[in-house]
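Predicted model only: the values in this text are computed from it and were never measured.
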Amino acid sequence: MITVSENIFQELDFFAVSFLLGILLVLVYDCLRIFRRLLRHGAGLIAAEDLCYWIITAFVIFAMLYQKNEGLIRGFSIGGIVAGMFLYNQFISRYTVRCIAGFLKKIIRMIQRVWRFLSAPFRKAAKTVADRSSRLADKGKKIIKYEKKQLKKIRKLIRIGITKK
């Protein structure tokens with residue numbers, strides 16, 4: 001029987017960790033994509049989010065390389081990361097983002113409906129108060145207008161009385 005060297009197992013472990021890291025990185029990016037589907041973003045904010053993501057990704061990859069391989073960059077480790085990212089993105093990512101974003105949108109819509117139902121009496125009361133206060137303000141304006149007219153009449157009468165003397 002052929003015995004496999006301990007080094008081969010270490011290299012295989014390193015490749016598996018790299019592959020899983022690639023999957024994890026795309027999974028984290030999927031969370032960002034789901035967040036973007038729930039809340040629309042402008043181009044500037046998307047660019048800033050992507051920049052932060054890739055900076056953090058670079059640190060995570062460096063930390064993995066430093067911990068597993070003393071910081072040495074090996075071709076098969078980068079290949080493992082890229083392979084994990086590519087395979088996850090091609091076969092799983094699309095469905096993950098679509099299903100989770102759809103599920104969360106349904107939950108948000110349900111919460112909005114419940115909120116509208118529970119807040120309906122308060123909205124109706126606020127509308128009633130607003131309508132009544134605007135009617136009261138209109139009546140107040142009419143009363144003020146009427147009183148000004150009466151004061152003008154009184155002022156005219158007083159002027160007429162003063163000038164006749």
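- Atom CD of Glu11 and atom CZ of Arg74 lie 4.0 Å apart (nearest 0.5 Å).
- Within the structure, ring-ring contact (aromatic ring centres under 6.0 Å, His included) contacts touching residues 75-106 (residues at least two apart or in different chains) are Phe14-Phe76.
- A salt bridge is defined here as a Lys NZ or Arg NE, NH1 or NH2 lying under 4.0 Å from an Asp or Glu carboxylate O, and Arg36 with Asp30 fails to meet this definition.
- The two atoms that bring Tyr53 and Leu32 nearest to each other are CB-CD2, 4.3 Å, heavy atoms only.
- Residue Val60 comes nearest to Leu25 through the heavy atom pair CG1-CD2, 4.4 Å, listed as atom of the first residue, atom of the second, then distance.
- Atom CD1 of Ile56 is separated from atom CG of Leu51 by 9.5 Å, given to the nearest 0.5 angstrom.
- Cluster membership for Ile61 and Trp54, using ILVMFWY side-chain heavy atoms within less than 4.5 angstrom, is shared.
- A salt bridge is defined here as a Lys NZ or Arg NE, NH1 or NH2 lying under 4.0 Å from an Asp or Glu carboxylate O, and Lys142 with Asp138 fails to meet this definition.
- Ile81 has its side chain within reach of Met64: a pair of non-hydrogen atoms, C-beta onward, lies under 4.5 Å apart.
- Val17 and Ile73 fall within the same hydrophobic cluster, where Ile, Leu, Val, Met, Phe, Trp and Tyr residues are linked whenever their side-chain heavy atoms come under 4.5 Å apart, directly or through other members.
- Note that the CD1 atom of Ile107 and the CZ atom of Arg109 stand 11.0 Å from one another [nearest 0.5 Å].
- Taking 4.5 Å as the limit, every side-chain heavy atom of Tyr29 sits out of range of all side-chain heavy atoms of Thr57.
- Using a 30° and 60° split on the angle between ring planes, His41 and Phe35 fall in the perpendicular class, above 60°.
- In the hydrophobic clustering of this structure, Ile34 does not group with Val28; members are Ile, Leu, Val, Met, Phe, Trp, Tyr whose side-chain heavy atoms approach within less than 4.5 Å, directly or through other members.
- Residues Leu12 and Leu87 fall into different hydrophobic clusters, defined by Ile, Leu, Val, Met, Phe, Trp and Tyr side chains chained together at heavy-atom separations under 4.5 Å.
- Shown here is Gln150, whose CD atom has more than 12 heavy atoms of other residues, nucleotides or ligands within 6.0 Å.
- Without hydrogens or angle criteria, Arg135 side chain to Ala130 main chain gives no donor-acceptor distance under 3.5 Å.
- Looking at heavy atoms from C-beta onward, Leu136 lies out of side-chain contact with Arg132 at the 4.5 angstrom threshold.
- Between the side chains of Ser93 and Arg33, at least one donor N or O lies within less than 3.5 Å of an accepting N or O.
- A distance of 5.5 Å separates CG of Leu104 from CG of Leu38, quoted to the nearest 0.5 Å.
- Dense packing is recorded around CG of Leu151, with more than 12 heavy atoms of other residues, nucleotides or ligands lying under 6.0 Å away.
- Atom-to-atom distance recorded for Asp13:CG and Ile8:CD1 is 13.0 Å, nearest 0.5 angstrom.
- No more than 12 heavy atoms of other residues, nucleotides or ligands lie within 6.0 Å of CD in Gln67, so this atom counts as exposed by the packing criterion.
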Under the side chain to side chain contact (heavy atoms under 4.5 Å, CB included) rule, what do Leu45 and Glu49 come out as? Steps first, then yes or no, please.
CA-CA 6 Å; Leu45 189 57; Glu49 289 171 350; 3.9 Å; yes
Can you list the steps and then say if Lys68 with Gln10 is a side chain to side chain contact (heavy atoms under 4.5 Å, CB included)?
CA-CA 9 Å; Lys68 286 291 190 181; Gln10 288 176 350; over 6 Å; no
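- When every heavy atom of Ser77 is checked against every heavy atom of Ser18, the shortest pair comes out as O-CB, 3.3 Å.
- The distance from the NZ atom of Lys148 to the CZ atom of Arg155 is 11.5 Å, given to the nearest 0.5 Å.
- No path of Ile, Leu, Val, Met, Phe, Trp and Tyr side chains, each step under 4.5 Å between heavy atoms, connects Leu20 with Phe59, placing them in separate hydrophobic clusters.
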